Amino acid sequence: MASVHESLYFNPMLTNGVVHANVFGVRDWVTPHKMALLVLLSELGRAGPQLGLLERRRLNRLLLPLLQGPDMSLSRLRKAIEECCPQLAGSVHIRLKLMAEGELKDMEQFFDDLSDSFSGTEPEVHKTSVVGLFLRHMILAYNKLSFSQVYKLYTALQQYFHKDEKKDGADENEMELTNPEELDGKMEKEELDGPLREEEIACSGPLSQKQAEYFLSQQASLLKNDETKALAPASLQKELNNLLKFNPDFAEAHYLSYLNNLRVQDVFSSTHSLLHYFDRLILTGAESKSNGDEGYGRSLRYAALNLAALHCRFGHYQQAELALQEAIRIAQESNDHVCLQHCLSWLYILEQKIFDSCVLLEHSVNKSLHFGLPYLASLGIQSLVQQRAFAGKAANKLMDALKDSDLLHWKHSLSELIDISIAQKTAIWRLYGRSTMALQQAQTLLSMNSLEAVNVGVQQNNTESFAVVLCHLAELHAEQGYFAAASEILKHLKERFPPNSQHAQLWMLFDQKIQFERAMNDGRYHVADSLVAGITALNSIEGVYRKAIVLKAQNQMSEAHKILQKLLIHCQKIKNTEMVIRVLLSIAELYWRSSCHTIALPVLLQALALAREYSLQYLASETVLNLAFSQLILGIPEQALNILHMAIEPVLAHGAVLDKGCAMFLVAKCQVASAASYTPQKKIEALESAILNLNEAKTYFAKVDSKEQLRDVLYFQARLFHTLGKTQERNKCAMLFRQLHQELPAHGVPLINAFK
């Protein structure tokens with residue numbers, strides 16, 4: 001189930017996607033790249049009436065990232081302009097060539113002419129517009145340069161232009177030496193690289209304040225909303241180190257470094273960057289300027305709170321508790337109720353590791369509502385719902401509670417929490433065994449549009465909620481035998497959440513589980529055994545359980561029983577009720593296979609009591625099917641048929657295809673066993689009804705390619721057709737059975753001693 005407290009990390013950088021970096025002491029200055037932008041704006045003003053509407057729109061969309069972003073090479077700038085207006089790109093190149101190959105006075109004259117853009121009754125550029133402010137900043141920065149600095153700027157412009165000319169010459173020579181097919185491949189590769197991709201932008205020198213703010217805000221927003229479009233962890237860290245080399249006191253760069261290190265689970269570097277962030281924030285007095293005398297204390301208490309969150313994320317609970325106590329002490333001294341509510345939420349998470357208590361959480365929700373903190377209150381409500389779902393509360397009460405939190409989300413436009421709420425509903429319905437309802441909730445989230453404003457081209461739905469929902473969707477398709485669709489969903493997950501992303505472990509686990517189930521259905525136990533190690537690395541409990549399943553399938557009963565007993569004790573200790581029931585069902589099956597049928601009954605009754613106590617309807621139905629099988633092998637098939645009617649409906653409505661096939665196979669077995677005491681005519685009708693149920697079971701097993709179950713059904717059908725005197729049908733089933741029997745290994749287990 002999705003963790004609803006991942007968003008409790010205090011992020012002082014992001015306020016509606018904007019980084020507040022007021023401590024970066026570097027002002028704007030004129031660079032060759034900015035001179036090229038000035039030439040672009042000048043040519044755009046001249047060619048304004050001649051440009052078409054579409055070209056102007058493209059250029060206007062291009063201008064903002066060019067003005068805000070870092071410097072780039074002239075070749076990339078030309079390529080970006082050519083995609084919008086090739087004619088204008090040529091004019092810009094000619095103007096720069098005249099300036100670079102001319103004299104210094106040409107550059108002087110160019111800056112003098114820029115001021116004319118603001119003159120007249122209807123100026124080309126308004127002084128307060130984005131372009132107007134950029135022009136005024138550049139003119140002011142140029143006028144402040146000394147003569148030697150002007151000369152250096154002119155020399156840099158010449159180098160900037162000639163470097164591009166040399167590159168073009170080298171490209172032409174390479175084109176002459178390259179055959180057309182290779183050239184086409186190279187052109188396609190270059191076309192795939194967007195003109196403004198951050199991966200291609202290198203901060204070769206110190207950035208100005210605005211460029212640094214834009215770079216950090218963009219990367220922070222991408223890390224939050226669409227991690228795949230952010231720089232790779234190594235590349236981003238290189239850029240941040242470059243920024244910090246020119247200004248070590250840039251606090252926000254340290255915080256982005258902290259977020260970047262969290263992506264790769266680097267506890268040492270993330271702790272180091274987090275402490276540096278708050279150290280720089282306090283030393284530079286940035287907090288004091290915005291918060292008065294409270295700034296220093298505010299930084300300290302949020303530093304302790306973030307440190308507690310960091311330690312909790314990495315499982316260092318004792319260190320997290322010490323840091324949290326420090327944050328609570330400072331917050332109480334400063335009477336900071338907002339910080340105290342965050343501390344209370346994290347205190348609940350730490351206490352949850354020791355004992356289950358919802359008192360702290362209920363208190364946190366009430367206080368958060370009192371102090372007007374809807375985000376925190378909603379997280380508390382969803383955590384309560386999650387806890388009570390594991391405690392076995394009724395689904396209708398949980399959905400009512402989530403409905404109340406949804407009202408808060410829509411009222412305050414909390415887009416991220418809306419996604420988390422729907423993901424919670426999906427997971428709850430899956431826990432209760434209602435796959436149809438889970439599928440409906442998953443589709444609801446996937447079809448939603450985000451309420452949060454993000455940059456163009458950024459996916460808002462690359463969050464943990466969508467990863468959880470897509471994983472459930474893949475598993476649901478696999479359970480119904482749609483393995484191709486499940487593979488497509490997993491492929492999409494791999495593209496959206498690469499292996500180095502923070503939510504990649506979710507789809508990795510589901511991918512391994514689906515492959516394991518397919519291998520078990522196909523009878524390839526050696527393949528399933530090889531997948532156990534991968535599952536254990538991602539989820540130790542699931543891995544141990546599946547190791548026992550493989551051993552059971554290989555008839556290594558004693559080893560499987562030892563593992564299941566240890567797992568049962570562990571799951572009872574951590575109160576993982578769902579896994580406890582599954583382990584009990586597996587232990588009961590071991591008793592059947594060992595011909596200890598009477599010992600299996602108390603185990604099954606214990607599992608049924610737990611399933612009903614915790615409202616796990618599907619597991620309860622599966623347990624009833626196992627009880628019916630026990631009654632069948634104990635010689636009371638009539639009673640088994642009676643209780644089958646209690647359990648088979650939920651299985652057929654919400655169950656996996658394999659479970660549906662097993663249920664119908666069991667019904668057929670009970671019908672055949674009951675027919676022994678019937679009159680001849682009634683016995684024939686019962687056997688024919690059993691054959692129909694076997695046909696349905698065979699369809700289900702074929703859908704998931706469960707060859708062992710298909711072999712058993714064919715054997716059973718052949719015997720029934722022989723009893724009814726249908727020789728042709730018997731021979732057909734016998735032939736198919738022989739083909740599967742030769743393909744699959746025979747373990748010598750009697751047919752009647754296996755329910756699944």
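All figures in this text were calculated on a predicted structure; none of them were measured in a lab.
The closest side-chain donor-acceptor pair between Tyr700 and Glu696 falls under 3.5 angstrom. If you check the side chains of Ser630 and Trp592, you find a donor sitting under 3.5 Å from an acceptor. Defined by atom type and a distance below 3.5 Å, a donor-acceptor pair is present between the side-chain atoms of Gln515 and Asp511.
For Lys547 and Tyr545, the positive end is not near the middle of the six-membered ring at less than 6.0 Å and at most 45° from its axis. Relative to the six-membered ring of Tyr618, Arg434 misses at least one condition, a distance below 6.0 Å or an angle of at most 45° to the axis.
A salt bridge does not link Arg518 with Glu479: every distance from a Lys NZ or Arg NE/NH1/NH2 to an Asp or Glu carboxylate oxygen is 4.0 Å or more. Using a cut-off of 4.0 Å between Lys/Arg side-chain N and Asp/Glu carboxylate O, Glu517 and Arg546 are scored as salt-bridged.
Between Phe516 and Val527, every side-chain heavy-atom pair lies at or beyond the 4.5 Å cut-off. Contact check for Leu564 versus Lys552: no side-chain heavy atoms found under the 4.5 Å cut-off.
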Using atom types as modelled, flag every donor-acceptor pair under 3.5 Å from a side chain in residues 639-649 to any protein atom, sequence neighbours excluded.
unit_1: Asn642; atom_1: ND2; unit_2: Glu638; atom_2: O; d: 3.3

Under 3.5 Å donor-acceptor pairs involving side-chain atoms of residues 578-587, not counting sequence neighbours:
unit_1: Ser586; atom_1: OG; unit_2: Arg582; atom_2: O; d: 3.2

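Using a 30° and 60° split on the angle between ring planes, Phe510 and His472 fall in the perpendicular class, above 60°.
For residues 564-573, the set of pairs meeting the side chain to side chain donor-acceptor pair (under 3.5 Å) definition, not counting sequence neighbours, comprises His561-Gln565.
Atom CD of Glu495 has more than 12 heavy atoms from other residues, nucleotides or ligands within 6.0 Å. The neighbour count for Gln505 CD, taken as heavy atoms of other residues, nucleotides or ligands under 6.0 Å away, does not exceed 12. Heavy atoms of other residues, nucleotides or ligands lying less than 6.0 angstrom from CZ of Phe314 number more than 12.
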